[in-house]
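Ligands are counted one by one from 1 in listed order, and the atoms in each one are counted from 1 as well.
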Amino acid sequence: MSEIPKLEDLESALGDLAGKRILVRTDFNVPMDDDGSIVDDFRIKAALPTINWLTERGASVVTASHLGRPKGEPNPKYSMDPVRARLAELAPGVELLENLRFDAGETGNDASFVAQLIEGVDGYVNDAFGASHRSHASIVGPPQHVPSAMGRLLENEVEVLLGLRNKPKRPFVAVLGGAKVSDKLGVIEALLDVVDEIVIGGAMCFTFFLAQGKTVGASLHEPDQVDVCKGLLAKATEMGKTIHLPDDVTGTDAQGNFAQFGSRLGEGSVGYDIGPGSAAAFTDVIMDARMVFWNGPMGMFEDERFASGTRTVAQAMADTKAFTVVGGGDSAAALAQFKLDDEVSHVSTGGGASLELLENGDLPGLAALRGA
Ligand code: ADP
Ligand code: MG
């Protein structure tokens with residue numbers, strides 16, 4: 001695999017950056033309040049090392065990002081105006097294009113939209129790790145036309161996540177949870193080749209319960225994925241790897257009251273969190289690991305009654321001596337809520353992108369830069 005060009009390589013390719021117009025694909029997909037204000041500007045701040053490096057060398061920087069899911073047409077709800085105002089405070093003089101996803105050509109990777117993006121542009125930088133697993137116009141298009149490089153944020157993410165994949169310290173444990181079950185089942189299959197043990201919590205565990213012949217009541221589950229889960233459990237056994245599932249669950253009973261269950265839930269019961277016994281068992285696995293990757297909360301942590309499984313796992317991530325990486329919007333938000341975000345080795349800005357990079361060792365956005 002050839003090297004991915006860095007900012008220094010872009011500078012060499014262009015001779016001198018002074019006066020050059022550089023398009024920077026950033027991930028300014030910030031959480032927004034209903035009143036249109038920015039909840040957290042960490043994604044804007046995360047792009048500053050790259051932006052400042054370029055402006056210090058006299059480049060004129062034009063940034064571009066998506067925000068939300070506006071479905072290929074302009075929608076004032078997803079206007080970049082609030083982001084542009086904050087960016088003007090943090091990096092005066094830096095331009096920001098309108099929401100890339102106001103044009104269907106972005107997700108459709110249309111050649112005409114790529115041409116529009118690179119008009120008058122001398123060079124391109126991808127610093128949008130969180131979008132680099134998508135073959136969208138602004139990610140894969142420009143490197144085919146102008147000298148291109150990865151920005152500092154992307155460089156750091158790639159170094160950390162490929163480090164996990166290529167130089168694992170064992171035991172290497174993946175902790176998976178969250179709600180997007182079918183999205184993540186494919187990841188489990190690929191992760192079995194990379195990690196030694198997988199810990200499963202969140203809504204995901206219930207489809208596995210069904211695969212083990214247990215009952216899940218009215219908990220979130222995907223009946224059409226039960227066979228896939230059976231296959232994964234069998235494959236893990238065959239490979240000599242362990243999949244840890246919860247053996248107790250917290251949730252609500254048929255009357256809607258807070259309740260604790262074993263791993264068999266009666267009719268009308270709903271599991272919203274791993275139970276205290278499972279949280280303790282998962283803590284042991286994390287404490288004994290030398291590398292841990294965590295994606296997806298252990299329960300519906302937004303409700304304080306069902307936050308303790310996620311809090312316990314977050315605390316174990318903070319306490320273990322292992323090298324710890326957390327990826328995923330909700331997982332990172334949970335860590336921040338428990339004020340433990342400074343206690344892990346790396347918080348990734350990309351959920352889907354970090355999983356895919358672990359899984360495949362590459363991303364469409366990186367392949368595009370390598371070909372540039
Ligand atoms: P991430 O953003 O970290 O990748 P996901 O988006 O996959 O994570 O999942 C996060 C969501 O999963 C949270 O909103 C949480 O409330 C929900 N969740 C976790 N466990 C359960 C459960 N047992 N039942 C319902 N929702 C759950
Ligand atoms: Mg999420």
Side-chain angles (χ1 to χ4, degrees), residues 27 29-32 39-40 42-43 68-69 129-131 133 161 174-188 191 198-210 214-222 225 229 245-253 256 258-261 263 265 268-276 278-279 282 292-314 317 324-338 340-341 344 346-359:
D27 181 1
N29 188 24
V30 295
M32 303 286 291
V39 176
D40 190 337
F42 73 99
R43 284 189 162 154
R69 293 175 183 258
F129 177 66
H133 59 314
L161 288 153
V175 180
L176 300 176
K180 293 174 233 160
V181 182
S182 40
D183 275 16
K184 291 182 186 176
L185 289 176
V187 177
I188 295 178
L191 278 182
I198 300 182
V199 171
I200 295 178
M204 221 179 351
C205 69
F206 299 111
T207 309
F208 280 93
F209 280 12
L210 290 174
K214 296 171 179 166
T215 54
V216 300
S219 310
L220 264 189
H221 64 279
E222 295 188 20
Q225 300 294 328
C229 289
L245 288 160
D247 46 30
D248 61 347
V249 168
T250 304
T252 52
D253 61 19
F258 182 85
Q260 298 209 351
F261 313 101
S263 55
L265 280 74
S269 310
V270 187
Y272 287 118
D273 192 12
I274 59 172
S278 306
F282 290 1
V292 190
F293 174 80
W294 178 26
N295 170 270
M298 294 292 101
M300 212 171 72
F301 73 97
E302 298 90 341
D303 181 331
E304 186 48 41
R305 291 176 300 163
F306 307 118
S308 54
T310 305
R311 183 183 286 112
T312 302
V313 162
M317 291 291 284
T324 46
V325 178
V326 181
D330 293 290
S331 315
L335 259 193
Q337 185 180 310
F338 306 139
L340 293 171
D341 40 343
V344 297
H346 180 78
V347 181
S348 174
T349 51
S354 60
L355 279 170
E356 196 171 317
L357 188 51
L358 261 189
E359 215 182 310

If we only count heavy atoms from C-beta on, is the [X] to [Y] side-chain gap below 4.5 Å?
| X | Y | answer |
| --- | --- | --- |
| I188 | I200 | yes |
| V39 | M32 | no |
| V175 | F282 | no |
| T310 | M300 | no |
| F209 | C229 | no |
| T250 | I274 | no |

Taking only heavy atoms of [X], which atoms of ligand 1 are found under 4.0 Å from at least one of them?
| X | answer |
| --- | --- |
| G296 | 3 (O), 8 (O) |
| K184 | 4 (O), 5 (P), 7 (O), 8 (O) |
| F206 | 23 (N) |
| L220 | 25 (C) |
| G202 | 20 (N), 23 (N) |
| Y272 | 23 (N), 24 (N) |

| said: For atom 13 (C) of ligand 1, which of the options E302, M298, M300 provides the nearest non-hydrogen atom? | reply: E302
| field | From P297, A179, G328, G177 - option closest to atom 8 (O) of ligand 1 by heavy atom | value | P297
| Which of the N/O/S atoms in D330 sits closest to the Mg ion (ligand 2)? |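 Within D330, restricted to N, O or S, the Mg ion (ligand 2) is closest to atom OD2.
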| request: Report yes or no: does T207 contribute a side-chain atom to a donor-acceptor pair with the main-chain N or O of E222 at less than 3.5 Å? | output: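 Yes; judged by distance alone, with no hydrogens or angles, the pair exists.
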For ligand 1, is [X] a contact, meaning one of its heavy atoms is under 4.0 Å away?
| X | answer |
| --- | --- |
| F306 | no |
| G351 | no |
| M204 | no |

| query | Quick one: does ligand 1 sit under 4.0 Å from the side chain of D330, the backbone, both or neither, non-hydrogen atoms only? | reply | both
| Given that the side chain starts at C-beta and the backbone is N, CA, C, O, which of these parts of V270 lies under 4.0 Å from ligand 1, counting heavy atoms, or is it both or neither? | neither
Please write down residue, atom name and distance for the protein heavy atom closest to [atom].
| atom | value |
| --- | --- |
| atom 23 (N) of ligand 1 | G271 O, 3.3 Å |
| atom 3 (O) of ligand 1 | S331 OG, 2.5 Å |
| atom 4 (O) of ligand 1 | N295 ND2, 3.4 Å |

| query | About how many Å separate CZ of R311 and CZ of F301, when rounded to the nearest 0.5 Å? | reply |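 If I round to the nearest 0.5 Å, the distance is 11.0 Å.
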| query | Just how far is it from atom CD of E359 to atom NE2 of H133, taken to the nearest 0.5 Å? | reply |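 If we round to the nearest 0.5 Å, E359:CD and H133:NE2 are 10.5 Å apart.
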| request: Examine the side chains of D248 and S278 and answer whether a donor and an acceptor come within less than 3.5 Å of each other. | output: yes
| field | ligand 1 to A203 polar contact by distance, N or O atoms, under 3.5 Å | value |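 For ligand 1, there is an N or O atom that lies under 3.5 Å from one belonging to A203.
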| query | Mind checking whether F258 and F306 have parallel, tilted or perpendicular rings, split at 30° and 60°? | reply |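 Rings of F258 and F306: parallel, as their planes differ by under 30°.
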